[in-house]
Structure formats: C-alpha cells, structure tokens
There are 2 protein chains.
Amino acid sequence: MTAIEPSRRGRPRSQRTHEAILEATRSLLLEKGYPALTIDAVAARAGTARTTVYRRWATKGALVLEATAEHLAIGIVPDAGSTRTDLGVALRQLTATFSDRLAAIVMLAVIANLDEDPFMARTFRSEIVYPWRTSAAAALERGVARGDLPPDADIPFLLDVIVGTVFQRAVINAQSETDGLDEAILDLVLAR
Amino acid sequence: MTAIEPSRRGRPRSQRTHEAILEATRSLLLEKGYPALTIDAVAARAGTARTTVYRRWATKGALVLEATAEHLAIGIVPDAGSTRTDLGVALRQLTATFSDRLAAIVMLAVIANLDEDPFMARTFRSEIVYPWRTSAAAALERGVARGDLPPDADIPFLLDVIVGTVFQRAVINAQSETDGLDEAILDLVLAR
DNA sequence: GTATTACGCTACGACACGTAGCGTAGCGAA
DNA sequence: TTCGCTACGCTACGTGTCGTAGCGTAATAC
C-alpha cells in the first residue's frame, strides 16, 4: 500500500527483511517517538542496510504507516439495527484505537507533520478517517430516522464531540483509564 | 520566562535583536511548521548570528514558547455569577486560542514532542493548561452548586467534552468556521 | 578608564539525510 | 544449467543541521 512497488522479474525482496524493518520501526517508535525516529536506527535494529529501507519506502511517513497499519485499523461502524448499540461499537473502536500508544504516536505525527509530509496525511485520511467517519455519520443519521436523535441534530458536530472527547482523554491527557467513558458519551449524545 | 537569564554586569543584550528573533520565529513557524523550523533559518531571518540564538534559549521549544506566548495566553475563566455566562467565556477563550494558527502549531508540537522536549510540555502545562483548567473546573462546580448542572456531574469528563470538541474542530479538522459551536456545546453540556 | 559581558564570525565534530555505484546473491525464465 | 534481471550489503559522497568553542570587537556598568 505505502511501499514502493518492486519489479516482478529478477530477485524478489526478502519477506524476512521486510518484517524485520517494520518491527524495528514499531519498537523504535515506542522508545523514541516519531520525531526522533531515524532511518539509520531502523536499519541498524533490523539488521539490514540503510539503503534497503530507502529502496522500499519513499518517506519515513510511508514506512511508519505500513508498520502500524494494524494498530490504526479502526474499522467502520456497523449497522446492527439499534442506535445505541451501533454508537457503542463506534465508541469502543475509538477508545481501543486511541488508547493504543503506537496509534496515538502516529496520529499525532500525522497532524503535526501536515506541512512536511502531506502524503502521510492524505493516506491516513482516505484510508482510516474517511471510512470510519462516513459510517459513523450514517449510524447517527439512522438514529435521527428512528427518533433516537432530534430531527435537527447536527451530525458533524456530534461526530466532533464523540471523537474529540475520546481523543482528548486518551491521546492528549494520555489516560489509559477509559472505563465508563463510552457510556458517558452515549448518555450525553443520546440525551437520555 | 523561558529564556536563559543574562548577567547583570557587562554589555546588556540587544532588545532589538531579541524581538527580531522572536518575530523571525513566528513567521517561520507559520511558513514551515514546527518540525521544519531550524535555528539557522531563524538567525538568518533575524539578521543575527546563529550563536546568539543559542546563547539566549536552551532549546527550540523554549524559543517557540516565548515567541508565541501572547498567542497561547488563553487566560482563566472568570466568576461572573452566571454558569452559562462563565462557560460562554470559557468557550470563547478556547475557540479564539485554538483557531489561532500559531497557537495550534505550537500546541501540536508540545504534544507530539513529549518525549523529545519534556521542558516544553511541562512549561505549557503549568503556565497555560493548569490555570485555565482549574478555573474552568471551578466554574463547572459553581454550576453544580447552583443547580445548573446535576449534582453527580463528572467535571473532568465535561472538561474533556468541551476542550476535546473545540480542539477537534479547530485544530484537527482545521476549520476556521466556529460559528455556533460555542452555543451548541453549551446546550449540550447544560442539557437544557 | 577598566572590567565585564554580548555580539558576529569562523570552525569543528557529530549525526542524519537521500543518492550513487560497486560487486554479489538469489530468483525466474529460456 | 545457463542467462537475465533485480535485490542486497557495503562504501562513499555532498548537504544540512546540530550544539559548542574560540576569537576579536562592541557596548555597557562601575
């Protein structure tokens, strides 16, 4: 997805090296954070050459996105027929993803490096944010149709409330404690 | 505050140079963003020597915090006797500060560089976040005492809702349009 | 005037960047 | 098996930034 496409002829890339680079990226991200992550350190830890990393990923951002893809995979909000159930799933998806330290590090890097690495931001938005937000908006709209939310409910606003609150607690305040947060937000949005 | 203290004897520091460095820092922050901000570029634009900048600020973070101090000065929430009025002021303080591009850039840098520059984070928290959050919590507690909020209101949670929602819209989504946001959040929190 | 410090300049070693070129290794196809 | 192709590890290069040191000079306090 984010890696440079290899040729189909000739010597194929080593899958073992590929995984070693991604694993080194993850562990270094956790230890040093995104700004201090260097390609040199990744290659050294992966036991490969610096040039090999450059041959496979165009930018540090692309490498990091691939290395943390599973941590960022928030999914989409399902349609199970109940507003509260669907939004409950949405909130658990949010809290689980935002509480993941690797995911939090990468999300902050995406936002803080908008100017420097627009590819990273574009990929993240289109692959992760857009699908989730679209499905979450659909869930809210179904809630309006069912009468669980007022007819004039401001969907984008409610999405900002939901996402912003979880982001604030899990990422900004870095609180691992998110017990009860889901229910509290549900009560607030669905206005009991 | 964040600068290195000069001696009181001998040749004093040039105030003109000081202001030129801070202004160069601000303009470069807006043009390049925090990660791409270099001391070299600041000194060049300020028309001074690179070493002079290093003599006055220990880190890039300290320099940036001083250069943007006025943009980050969110103040504290007053006690005017009315819950809705006080929280309305709090929300305008939030939207005004978070909509400021320089402030947004610096806040993201603070969070994204927690590991690399703990001084920056500590200073920001103690000088900006703590005073505001404490006064905002007090405003909410007065609201509970007055009966404008339920007796079992979760103050830290409500603070995360308020701050998180504004942060999400103004900083993450980078929407300059915050019309009606204040009132919408007030209605949500005060639960009409 | 003299002591003291800030300033501008140059230079240094260190580190990371991204790229190029080399010989070699490993795979697919004829 | 041979041949063609590409990945790989290595070394090296030029660039940019870092933070510091040392110099002579400028500007102030005493």
Side-chain angles (χ1 to χ4, degrees), chain A residues 2-25 28-29 31-64 66 109 112-113 115-120, chain B residues 2-25 28-29 31-64 66 109 112-113 115-120:
Chain A
T2 59
I4 297 170
E5 281 300 308
S7 291
R8 292 186 301 139
R9 295 184 300 181
R11 175 179 174 180
R13 287 181 181 167
S14 162
Q15 188 57 36
R16 191 186 316 270
T17 299
H18 204 82
E19 198 37 63
I21 293 172
L22 295 181
E23 175 55 32
T25 302
L28 282 169
L29 267 179
E31 292 172 26
K32 314 275 189 181
Y34 184 86
L37 179 75
T38 66
I39 303 294
D40 301 56
V42 169
R45 179 162 298 188
T48 185
R50 209 159 53 86
T51 44
T52 298
V53 181
Y54 283 113
R55 287 193 189 101
R56 302 200 187 193
W57 291 276
T59 65
K60 178 170 129 180
L63 168 61
V64 166
E66 179 163 343
N113 292 275
D115 300 326
E116 279 214 316
D117 195 340
F119 165 81
M120 194 182 187
Chain B
T2 59
I4 297 170
E5 281 298 309
S7 290
R8 291 187 300 139
R9 297 184 299 181
R11 175 177 174 179
R13 286 181 180 165
S14 163
Q15 188 57 37
R16 190 186 318 269
T17 298
H18 205 80
E19 197 37 62
I21 292 173
L22 295 181
E23 174 56 31
T25 302
L28 282 169
L29 267 179
E31 292 173 24
K32 314 275 188 180
Y34 184 86
L37 180 75
T38 66
I39 304 293
D40 301 55
V42 169
R45 179 162 298 189
T48 185
R50 209 159 54 86
T51 44
T52 299
V53 181
Y54 282 113
R55 287 192 190 102
R56 302 199 187 194
W57 291 275
T59 66
K60 178 168 128 179
L63 168 61
V64 166
E66 180 163 341
N113 292 276
D115 300 327
E116 279 215 315
D117 195 341
F119 164 82
M120 195 181 185

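Quick note: numbers below take in every heavy atom, side chains included, and nothing from hydrogens, waters or symmetry partners. Chain letters run A, B, ... following the sequence lines, proteins first, then strands; residues in each count from 1.
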Nearest whole angstrom, please: distance from the [atom2] of [N] to the [atom1] of [X].
X       : N      : atom1 : atom2 : answer
A:Leu63 : C:dA16 : CG    : C1'   : 15 Å
B:His18 : C:dG8  : NE2   : P     : 14 Å
A:Arg13 : C:dG28 : CZ    : P     : 16 Å
A:Ile4  : D:dA7  : CD1   : P     : 10 Å
A:Glu5  : D:dA7  : CD    : P     : 11 Å
B:Tyr34 : D:dT17 : OH    : P     : 16 Å
B:Arg16 : C:dA6  : CZ    : P     : 19 Å

Exercise: do B:His18 and B:Glu66 side chains pair donor with acceptor under 3.5 Å: yes

Between the protein and nucleotides 1-5 of chain C, which nitrogen or oxygen pairs come in under 3.5 angstrom?
unit_1 : atom_1 : unit_2  : atom_2 : d
C:dT5  : O2     : B:Arg11 : N      : 3.3

Residue list, side chain to side chain contact (heavy atoms under 4.5 Å, CB included) with A:Ala44, at least two apart or on another chain: none

Whether A:Lys60 side chain and A:Leu37 backbone form a donor-acceptor pair below 3.5 Å: yes

A:Asn113 (side chain) donor-acceptor with A:Glu116 (main chain) under 3.5 angstrom: no

Inter-residue atom distance B:Ile4.CD1 - B:Trp57.CH2, 0.5 Å rounding: 9.5 Å

Nucleotides 18-24 of chain D: protein proximity per nucleotide (B base, S sugar-phosphate only, - neither; heavy atom, under 4.0 Å): BBBBB--

Results of side chain to side chain donor-acceptor pair (under 3.5 Å) for A:Thr51 - residues two or more places apart only: none

Partners meeting side chain to side chain donor-acceptor pair (under 3.5 Å) with B:Thr52 (sequence neighbours left out): none

Side chain to side chain donor-acceptor pair (under 3.5 Å) pairs, two or more places apart, involving residues 31-48 of chain B: B:Ser27-B:Arg45, B:Glu31-B:Arg45

